[in-house]
Peer 1: 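First the structure, which I've put down as structure tokens, then a few questions once you've had a look.
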Amino acid sequence: MHRTLVIPIPATVVATYLVLGRVAVDDPDLVVSRSAAGLATARAAALGRHIGDLRLRSLDGITEGPVPPIELLRASGSSAGACDLVTSAAYGWALLLRHRPCDSVDGETATRAAAAVLAAAAAGVVVDTTLPRAYTVSEEAARTAISDLVSFDHEPQGTGRRVTTRGLTRFGLPEVTAHGVPSELLPACDALLIGVAGRVVAALQHLGISGATVLELAVPFRLQLDDIASGYGEPVAEDVTASRTIDLVLEVAADSTIVVDGAVGAVRALFGDALPHAGRT
């Protein structure tokens, strides 16, 4: 039976990044505006659209900003080099951009691009406080795929794991979760949720300037393997399996997460023989 899943969304969201550096930057706004033209085309365009609304605030001290503990940054996948830059930083800036959820991909691209420019000038590092994760300038991706903006929590749940995204709140969206996932299927389940997250974020962009306060999704929710590839920013080329499709049942749980019902079965249907055999029933 077809139905509509209604997801409340806020009027605005705020993209937030920190830049921590070892070199003082006297006029960070000027540095960002002058360097924008040297960015990749998509990033330069996004920054150009939002630079008038971007706010850069110098921190009086590193401890003034919400800098995550080094142990947490390491656990979230930050490299040793990025963590070293965090611990050795003497200067800090907060970058904030308020925008509508329908502009969140563009707004994230613009804010992250500005942060990378400032980090380069400050011989420093970009800190995504939402994940949280630190990036050196060379590590900071030129693209902004959903996989670059989302991480995962894997919590014990019976004999399996509960898998939940972390990071969709930056788009004004609930996190996406799956229940009862066997350990050997965790990477594949992560991929499934990246595909779902990417599609839901893309649906936000179609709201345009309507001023909608809810996002409506048709259920069953049809997902293809190429949706997952897009979530990782990877081309599907001539892969004939990219059109493989699964219909998912989505629900909004009491904790406001979007639950993918039957995620384990969906993973097996989508990925088939590419999956590990252990734990299959």
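If you're wondering where the values come from, they're calculated on a predicted model, not measured in any experiment.
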Peer 1: Please list, chain by chain and in numerical order, all residues satisfying salt bridge (Lys or Arg N to Asp or Glu O under 4.0 Å) with D53, sequence neighbours excluded.
Peer 2: none
Peer 1: With sequence neighbours left out, what residues match F271 under side-chain contact (heavy atoms from CB on, under 4.5 Å)?
Peer 2: A188, A191, L225, I228, V267, L275
Peer 1: Report the residue from V201, I9, V6 that forms a side chain to side chain contact (heavy atoms under 4.5 Å, CB included) with L215.
Peer 2: I9
Peer 1: For D255, which residues count as a salt bridge (Lys or Arg N to Asp or Glu O under 4.0 Å) partner, sequence neighbours excluded?
Peer 2: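 In terms of salt bridge (Lys or Arg N to Asp or Glu O under 4.0 Å), with neighbours along the sequence ignored, D255 is linked to R162.
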Peer 1: Using the side-chain hydrogen bond (donor to acceptor under 3.5 Å, both in side chains) criterion, which residues pair with T165? Sequence neighbours excluded.
Peer 2: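 Residues passing side-chain hydrogen bond (donor to acceptor under 3.5 Å, both in side chains) with T165: E175.
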Peer 1: Among residues two or more places apart or on two chains, list those pairs meeting salt bridge (Lys or Arg N to Asp or Glu O under 4.0 Å) that have a residue in residues 124-134.
Peer 2: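 Listed by first then second residue: D128-R170.
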Peer 1: Does some side-chain heavy atom of I7 sit less than 4.5 Å from a side-chain heavy atom of P174?
Peer 2: yes
Peer 1: With a 4.5 Å heavy-atom cut-off, do Y232 and S147 have their side chains touching?
Peer 2: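 Side-chain contact under 4.5 Å: yes.
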Peer 1: Give me the other members of the hydrophobic cluster that W93 sits in, counting Ile, Leu, Val, Met, Phe, Trp and Tyr linked by side-chain heavy atoms under 4.5 Å, directly or via other members.
Peer 2: V19, V25, V31, V32, L39, L47, I51, L54, L56, Y91, L95, L97, V117, L118
Peer 1: Keeping the roles fixed (side chain from R166, backbone from F152), state whether a donor-acceptor pair exists under 3.5 Å.
Peer 2: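 It does not hold such a pair.
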Peer 1: Kindly say whether D106 contributes a backbone atom to a donor-acceptor pair with the side chain of D103 at under 3.5 angstrom?
Peer 2: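 Side chain of D103 to backbone of D106: no pair is present.
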Peer 1: Check side-chain contact (heavy atoms from CB on, under 4.5 Å) between D84 and all other residues, then give those that pass, not counting sequence neighbours.
Peer 2: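 Scan of D84 (side-chain contact (heavy atoms from CB on, under 4.5 Å), adjacent residues dropped) gives none.
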Peer 1: Return the set of residues passing side-chain contact (heavy atoms from CB on, under 4.5 Å) with P187 (not counting sequence neighbours), or none when no residue passes.
Peer 2: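 Scan of P187 (side-chain contact (heavy atoms from CB on, under 4.5 Å), adjacent residues dropped) gives none.
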Peer 1: Is Q224 reaching over with its side chain to a backbone N or O of T245, donor-acceptor style, under 3.5 angstrom?
Peer 2: no
Peer 1: May I have the list of side-chain donor-acceptor pairs in residues 74-82 shorter than 3.5 Å, sequence neighbours left out?
Peer 2:
residue: S76; atom: OG; partner: L72; partner atom: O; Å: 3.0
residue: S76; atom: OG; partner: P132; partner atom: O; Å: 3.1
residue: S78; atom: OG; partner: L73; partner atom: O; Å: 2.8
residue: S78; atom: OG; partner: A134; partner atom: N; Å: 2.9
residue: S79; atom: OG; partner: A82; partner atom: N; Å: 3.1
residue: S79; atom: OG; partner: E139; partner atom: OE1; Å: 3.3
residue: S79; atom: OG; partner: E139; partner atom: OE2; Å: 2.6

Peer 1: Who else is in the cluster with V23 when I, L, V, M, F, W and Y are joined by side-chain contacts under 4.5 Å?
Peer 2: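 Grouped by the 4.5 Å side-chain rule, V23 forms a cluster of one, so the answer is none.
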Peer 1: To check you understand the geometry: which heavy-atom pair defines the closest contact between V264 and G180, and what is its length?
Peer 2: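 Where V264 meets G180 most closely, the heavy atoms are CG2-O, 3.4 Å.
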Peer 1: With sequence neighbours excluded, tell me which residues meet side-chain contact (heavy atoms from CB on, under 4.5 Å) with D261.
Peer 2: V249, E251, V259
Peer 1: Under the salt bridge (Lys or Arg N to Asp or Glu O under 4.0 Å) test, which residues partner R222, sequence neighbours left out?
Peer 2: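 Salt bridge (Lys or Arg N to Asp or Glu O under 4.0 Å) check on R222 returns D247.
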